[in-house]
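Worksheet: the structure to be examined is printed underneath.
Order of the sequence lines sets the chain letters (A, B, ...), proteins ahead of strands, with each chain counted from 1.
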Amino acid sequence: MNTGSARTPKLGVQAASKVYTTASGDLLALDRCSLDVHANEIVSIVGPSGCGKTTLLWSMSGLHRLTSGAILLDGKEVTGPRPEIGIVFQEANLLPWRNLDANINFPFEIKGEKPDRAWIAHLLHRVGLDGFGGKFPRELSGGMQQRAAIVRALALKPSVLLMDEPFGALDSFTREEMNRLVEEIWLDTKTTIVFITHSIEEAIFLSDRVVVLTARPGRVAKVYDVPFPRPRSLEIMATKEVFDLTNRIKMDIVGERRPKAQEQLEHKSAEIVRIRP
Amino acid sequence: MSGGDAIPEFSKAKSGDGQDVSLTNLSAFAGGPGVKSGAEVAAILVVAVVIIGGIELALRIFHVPQYIMPPPSAIVYALFDEFPLIAPHLGYTLVELFSGFAIGAVVGLLMAAVITQFPFAEKIVAPYILILVTTPMLALVPLLILRFGFGYTPRIIAVALAAGPMVMINAATGFRRVDSAKIALARSYGASTLQIFWKIRAPMALPMILVGLMIGAIFGLLTAVGAEMVGGGFGLGNRLTSYSSMIQMPQFFAVVLILSTLGILIYVLFFLIGKKWASWEA
Ligand SMILES: Nc1ncnc2c1ncn2[C@@H]1O[C@H](COP(=O)(O)OP(=O)(O)O)[C@@H](O)[C@H]1O
Ligand SMILES: [Mg+2]
């Protein structure tokens, strides 16, 4: 996919800014974020809650319009939802009135296309959901729902998969299982993945690079390379290198937040002082 | 800092999801699981036999005259004996109920679907809808009779006016339950506004729509019968006034029995539809 000397990123984020207009005034959620995601890469985005991760991901998917800046897919600007981009939402986001089969057929129904039965059966088998097609979401565990959501997102064979804290609501064992599943799927398909999480461990396990965002407004604070070979065993994850990297990322986020909290505290006490006669 | 490497969550405002509603939220439906076990059914039947038998016995022992309260056996006898005479009136009431309800439900559903798409229009219309909901449409029947005569028309209009607003406010509550993540999901596949309506908004609203239809149908039945009591010579409501003026109490209660059966049938019908099509939310 190398066209020319400079590699065109699969997904390019160029000085992306997003302002939400709310009743209580404008809110800057993203501030000039720039980031290149290359083909077949897994990039994780970590950052404190409310720092604009979902905003960034929805913008990448074309669901949100940026206030300024641009999103480029294969060098072409994304101005609306694109079939090459699959999304796994923060909660599994299955439609509760449809059984699993009907949920996975949903994208095809919207597009008026015939579902690719063999591919879907392969995916369902891959995530260990064969035989569950007739079940409704409420009959499935959180992990199973999220696996179904992954199948739905992959059913249209997207070249980019955007995942928004997909396992945030799962217990840690299920989460590790799901992480291995994502790794397997990636080894299988080499789909470019942008993975949002607030778990640093998850980010390091999965990614080629970890992007750290600042607290609101979200800016790219740092980008770390994660040079460990795949599949990543428990032994690799227990090495000192991983431990050090985890701590450095943690310091980035905490160190950034602590002065801010201090500032707020001082601001508050100043107010209290002022009220006194 | 607590253990683990997760970034602690600060105040995380959970947005989106409309509150859960379902048929089972209605107190009428809240009587536990729909399917009753054999023992429960038997117990209910035993209670019925005891109550009905007890009433029968008490009325006979104390020689209560029939014009005050006829015994259950006399009511059942009158029901079968008088049924050929009552049947056309039942048919008349059912025609009013079905036509009025159909008109009211269609208009109510359409208005709910359209109005919830335009929050501004909804704000303007809301007080008028409230007036329609709270005004007993029976009060309009004498006026409607003056204008439209004694036939079906005034009563069908009254039934539609009673059922429509009930359907509308409940359906509107359903359509207002926007779940931005589900709509985003549809949009991510390039869904049109119409597709989003039919594949996301309508199914999400269905449980509330069914509640509205059920309440609307029962209000329609009440209004139909009430309207027949006000004037005209036909319908179950007319039978009630006629039998009571002739002090034919067994026949009177036979009609009451038919009316409660109709009400229960309406309830059961929508309950079953809800179980089949909207049970995902229960
Ligand atoms: N539709 C919206 N309207 C107004 N403010 C929003 C909207 N979506 C998100 N925000 C605000 O923007 C900020 C970033 O939100 P989000 O992208 O969801 O953060 P994250 O996913 O990192 O938790 C938050 O302060 C949030 O309250
Ligand atoms: Mg988020």
| query | Is it the case that more than 12 heavy atoms not belonging to Phe219(B) sit under 6.0 Å from its CZ atom? | reply | no
| query | With a 4.5 angstrom heavy-atom cut-off, which part of Arg152(A) approaches chain B: side chain, backbone, both or neither? | reply | both
| Would you say Leu234(A) has more than 12 foreign heavy atoms packed within less than 6.0 Å of its CG? | no
| message | Less than 4.5 Å to any heavy atom of chain B: does that hold for the side chain of Phe106(A), its backbone, both, or neither? | response | side chain
| query | When you look at NZ of Lys135(A), are more than 12 heavy atoms from neighbouring residues, nucleotides or ligands closer to it than 6.0 Å? | reply | no
| request: May I have all residue pairs that pass salt bridge (Lys or Arg N to Asp or Glu O under 4.0 Å) and include part of residues 98-116 of chain B, sequence neighbours excluded? | output: none
| So which heavy atom on Leu95(A) is nearest to which on Lys182(B), and how close? | CD2-CD, 3.7 Å
| Relative to chain B, which segment of Leu156(A) carries a heavy atom at a distance below 4.5 Å: side chain, backbone, both, or neither? | side chain
| query | If contact means a heavy atom pair closer than 4.5 Å, which residues of residues 185-203 of chain B contact chain A? | reply | Leu185(B), Ala186(B), Arg187(B), Ser188(B), Tyr189(B), Gly190(B), Ala191(B), Gln195(B), Lys199(B), Ile200(B), Pro203(B)
| field | Proximal component of Pro96(A), with respect to chain B [non-hydrogen, under 4.5 Å] | value | both
| field | Best-contacting candidate, Trp58(A), Phe89(A), Phe136(A), against chain B by heavy atom pairs under 4.5 angstrom | value | Phe89(A)
| Has Phe98(B) got more than 12 heavy atoms of other residues, nucleotides or ligands less than 6.0 Å from its CZ? | no
Side-chain atoms of residues 116-124 of chain B: list all donor-acceptor pairs with protein atoms under 3.5 Å, sequence neighbours left out, distances to 0.1 Å.
unit_1	atom_1	unit_2	atom_2	d
Thr116(B)	OG1	Ala112(B)	O	2.7
Thr116(B)	OG1	Ala113(B)	O	3.3
Glu122(B)	OE2	Arg176(B)	NE	2.5
Glu122(B)	OE2	Arg176(B)	NH2	2.7

| request: Return yes when atom CZ of Phe243(A) has more than 12 non-hydrogen atoms of other residues, nucleotides or ligands closer than 6.0 Å, and no otherwise. | output: no
| Residues two or more places apart in sequence or in another chain: which of them pass side chain to side chain donor-acceptor pair (under 3.5 Å) with Ser61(A)? | none
| Is chain B contacted by the side chain of Glu139(A), its backbone, both, or neither, given a heavy-atom distance below 4.5 Å? | neither
